[in-house]
Amino acid sequence: MKAIIFNGSLERRSESTSGKISQHFAERLEKSGFRTEIFTLADSGIPLFDVTLHKTPLAVERMTQLFQEAELHFWLAPLYHGSIPGVMKNCLDWLEITSGHYQPYLTDKTIGMVCWADGLHAMQGINTMDAVAKSLRAWPIPFSVPVIRTALFDPEDHSRISTLYTDKFDKLISIATTKRIERI
């Protein structure tokens with residue numbers, strides 16, 4: 001099976017919050033036997049959504065192919081001013097080019113969601129992603145991970161994700177890969 005990790009942040013550094021979370025998911029999924037790709041929005045070259053173009057940009061064609069091929073998605077996003085980054089939503093808007101396909105958009109894809117914020121409001125980003133995923137005919141997992149960024153990293157080693165959040169991320173991955181909700 002193929003999984004895609006959609007890094008909706010504009011951070012490019014591998015040691016960034018989004019880079020570390022993406023890497024954690026990739027390592028765990030690959031250990032579970034999934035072919036995994038990290039789609040980093042900052043490096044994607046996705047232009048502003050424009051329905052008047054006569055030719056679909058190559059970066060958009062690549063993105064839609066990746067998103068439609070992967071059975072399992074994990075969407076990761078920081079909370080910016082009460083929502084996901086606008087560029088992340090713009091990227092997802094490009095899935096409109098698949099509207100004429102036999103299975104358009106993200107029909108029947110499973111989506112796991114993670115959002116982080118400096119305060120307690122990361123759930124707002126999850127709610128936005130949930131609404132978008134459902135609009136794209138996908139199945140959001142009934143367990144998501146809103147992250148309080150100050151608790152994300154181990155207090156002794158800031159290069160490592162804390163046990164609190166590795167456990168939550170691993171539970172999300174387990175639910176997504178087994179389609180079962182069990183205590184871990």
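The analysis underlying the following values was restricted to heavy atoms, covering all of them including side chains, and did not include hydrogens, waters or symmetry mates. Owing to the predicted nature of the structure, the values given are computational and were not obtained by experimental measurement.
- In this structure, the side chain of E71 engages the main chain of K2 through a donor-acceptor pair within 3.5 Å.
- Rounding to the nearest 0.5 Å gives a distance of 5.5 Å between CD1 of I173 and CZ of F74.
- A donor-acceptor distance shorter than 3.5 angstrom exists from the side chain of T98 to the backbone of Y105, with no hydrogens or angles considered.
- The shortest side-chain heavy-atom distance between R62 and L66 falls under the 4.5 Å cut-off.
- Once rounded to the nearest 0.5 Å, the distance linking CG of D170 with NZ of K168 reads 12.5 Å.
- Aromatic ring pairs are classed by plane angle as parallel below 30°, tilted from 30° to 60° and perpendicular above 60°; the pair H24 and F169 is tilted.
- Under a 3.5 Å cut-off, the side chain of S22 and the backbone N or O of G19 do not form any donor-acceptor pair.
- Here the side chain of S174 pairs no donor or acceptor atom with the backbone of K171 at under 3.5 angstrom.
- Side-chain contact between I46 and V60 is present, with heavy atoms from C-beta onward closer than 4.5 Å.
- With values rounded to the nearest 0.5 angstrom, D154 atom CG is found 9.0 Å from T166 atom OG1.
- Distance alone, capped at 3.5 Å, places no donor-acceptor pair between the Y165 side chain and the R149 backbone.
- The closest donor-acceptor contact from the side chain of S162 to the backbone of L152 lies under 3.5 Å.
- Using a 4.5 Å cut-off on side-chain heavy atoms (C-beta onward), S9 and T17 make no contact.
- F6 has its ring centre no less than 6.0 Å from the ring centre of H73.
- At a threshold of 4.5 Å between non-hydrogen side-chain atoms, the residues K134 and P140 count as touching.
- I161 and K20 get closest at one heavy-atom pair: CD1-O, 3.8 Å.
- Looking only at side-chain heavy atoms (C-beta outward), Q23 and I38 come within less than 4.5 Å of each other.
- Of the possible polar contacts, one joining the N90 side chain to the P47 backbone as a donor-acceptor pair under 3.5 Å is found.
- Formation of a donor-acceptor pair under 3.5 Å by the K109 side chain with backbone atoms of Q68 is found in this model.
- In this structure, W116 contributes its side chain and S18 its backbone to no donor-acceptor pair below 3.5 Å.
- Interatomic distance, M113 CE to D130 CG, rounded to the nearest 0.5 Å: 5.0 Å.
- Note that CZ of F25 is 12.0 Å distant from CD of E27, once rounded to the nearest 0.5 Å.
- A donor-acceptor distance shorter than 3.5 angstrom exists from the side chain of R12 to the backbone of A42, with no hydrogens or angles considered.
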